Structure formats: C-alpha cells, structure tokens
Amino acid sequence: MKILLTGGAGFIGSHTCVELCEAGHDPVIVDNYINSCPEAVRRIEQIVGRSVLCYEADVTDAAAMDRIFSENAFDCVIHFAGLKAVGESVSQPLRYYRNNLDSTLTLCETMQKHGVKRFVFSSSATVYGNQPQVPYREDMPSVGCTNPYGWTKFMIEKILEGQCTADPSWSVVLLRYFNPIGAHASGLIGEDPSGIPNNLMPFIAKVAVGELEKLSVFGNDYPTPDGTGVRDYIHVVDLAKGHVKACDYSAAHQGCEIINLGTGHGYSVLDLVNTFERVNGIKIPYVIAPRRPGDIAENYADPSKAKQLLGWTAEKNLEDMCRDTYRFQHNNPKGYQK
Ligand code: UFG
C-alpha cells in the first residue's frame, strides 16, 4: 500500500514509517519540520536500507497538498502532524485550534477531491478526560478535556466521525494513544523534543545524560500505590506496529472506529525512575514537587478492542522502553542536531 504520513519525520511518525517499510508498504512523508528535522528521515532510510519519498510542506497548504496527492495514488493516510505541547496549548489556544483543525480539514478536503477515503488518526487518551474509573474503554463517553490540545484531538475525532456519516464509504480509525516512550532498537531514531521536555520519559533521558540536573516528581500524594501518578506507557515500536495493523484494517472496513493503543498496565512515576536506573545502571536524582495542574492520578487502557479488531497487542515491557530510550539519548545526546 502507498500510505501518506503527515508529520512522518516526528517521533511516532518516524517509527511508523520504519514499520510500514518493514511490512512491505510504501510510505510517503509530508512534514514541515517545525518539530522534527530532515536528519530523522535520513536515519529512517539508514534503518530500512532504501530511500523514502519526503515532501517538505505544511498540511495547511492546500496547493501543496493537492500537488502531493496529484503525484501519488495513496491508498491510505495516517495523520500525525499537529502541535502537541499541552502547556503551550494553554498559553496559545488560537494557534493550536487554527493549526490542528485547519491541517485536518485541508487534508480531508484534499482526500475527498482525490478519492482517498482511508484515514488513520493520531488521537490521544486525553480525549477521555478524567474518568471516574480505570481502565479506559472506547465506549466510555468523554467527560471533557482539560486543555486546548486535548480539545483539538476531540474536535478532530468529531470532524472525522461526521465525514464517515456523510460518506459511509470512508474508513476512519481513531487511534487513542496512551503514553508513548522508548525508541527504535537501532538507537538511530527516537524522541527529540526541543527545549526542556514536558513529558516524563524525555525529561528522565536528559537527566541521564547530564543535560538536566534532576527530575521533579509532580506529586506523591495521589491515591495510587506509591502516591505518584500512574500511566500506561507504551513502547513506540509497538505503537507503530498498531498503525500498520490499522491501515490493514481500514482496507476491509468502512465507518469510524475508536481504538485504544496501550498495554493495559499502569506504572507510576517512581516505577519508571526505578526501572530506568536499574536497567541502565544510572542514577536519576529527583525531588518531590507539587502536583502539576491538570494532571490526573491514574489512567491505563483496556486494550482488548485493539486485539479483537486489529489482532494487535503490545509486546515490549517497561524495561525495553527504558533501555531503548537511553540508547537513543546516549548515542544522540543533543538529539538529531549533533
Ligand atoms: N511527571 C513528573 N515530572 C515531569 C513530567 C511528568 O512527575 O517532569 C509525571 C506527571 O505528573 C504524570 C506522569 O509523569 O503523572 C506522566 O506525565 P507526562 O507529561 O509524561 O504525560 P501525561 O500523561 O501528562 O500526558 C500524555 C501526553 C499528552 C496526552 C496524554 C494522554 O503528553 O499529549 O498523555 O493521557 F494527551
């Protein structure tokens, strides 16, 4: 299959590109590199041993998208491109709504014009909001998001659901990711956030290589086994394989399906710190800090729908995630810009 990956040079996009190549597909990347870089594409090519077609363009640019669709007969699109920093979305809501919604609408309109009807969307567990119970199941109604980033994911899901209702020949898979971490086992591609990371694992990785002094653990008084927040961390390579399965699924089904991609296991902040220290033989200094506003105590996925519909289950454990994250960070202490 020929598959367009918007944001294909980013963290999840690059790993998905590798897995699609390994599965014999033909991915094409479009990326504006605002939160990624061409070096990631070169690394993908190094891993898979062949070139990957990549367009530098913005998905909100209708003329550029029209040209890309004219030059390629896509079977399916995976839409990763989008702004994703929760805190930044609170201070720049208009930019987040404009960018994330505009890009999706432009992409859908271009697909409609060119008769491409299969869409896999990079959604998030954040769409569930703070549910009264775990695990999170796809049939739980959202209780509302806590920030504009989350609302853009929510709204995009609604846009795509609406399109499937209007044209039942569309096939949309809304993949709700839990917490993707880890890196490709080669150590060549991984997460490369700009500036000080907001998320836990990239922050730990930078402490591990000495770029940051210590981790702040945001709260140790949650109603969880050790008091720190619990999340469903999933290895990015498992997540990427879930996308390959979702593309296959979209070929044989129509309509709109929400599918969780998680492991079904919750780990605390301290579980992650302790595992990282143990498998990598490195001390991660930390202090207990106040809770971060907007954080919830605990979430993890019910991953049974992914198993049932896609035949997909996460295979890698927390140790793999910690080892692979450190390998990439150690090999690339300054990320891709060595
Ligand atoms: N944490 C710390 N210190 C840090 C960073 C995080 O203690 O420096 C804690 C948080 O309080 C939380 C856990 O680590 O308990 C995980 O936090 P992350 O920021 O890594 O991830 P979140 O679960 O807050 O958010 C992630 C994605 C969002 C997505 C959400 C979906 O970053 O994009 O999952 O649930 F929306």
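For ligands, and for the atoms within them, numbers begin at 1 and follow the listed sequence. Values in this document were obtained by computation on a predicted structure and should not be read as measured data.
- Under the side-chain contact (heavy atoms from CB on, under 4.5 Å) criterion, His265 pairs with Thr263, Tyr267, not counting sequence neighbours.
- Ion pairing between a basic and an acidic side chain is recognised when a charged N comes within 4.0 Å of a carboxylate O; Asp221 and Arg291 show such pairing.
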TODO: Carefully, step by step, assess Tyr97 and Tyr149 under the rule ring pair (Phe, Tyr, Trp, His ring centres under 6.0 Å).
DONE: CA-CA 8 Å; Tyr97 286 115; Tyr149 157 77; over 10 Å; no
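- A 6.0 Å sphere centred on CD of Glu213 holds no more than 12 heavy atoms belonging to other residues, nucleotides or ligands.
- At least one donor-acceptor pair closer than 3.5 Å links the side chain of Asn72 to the backbone N or O of Ile68.
- Looking at Asp232 and Tyr177, their side chains never bring a donor and an acceptor atom within 3.5 Å of each other.
- Within 4.0 Å of ligand 1, the residues that place a heavy atom are Ser124, Ala125, Thr126, Tyr149, Asn179, Asn198, Asn199, Leu200, Leu215, Ser216, Val217, Phe218, Gly229, Arg231, Tyr233, Val269, Arg292, Asp295, Asn299, listed by chain and number.
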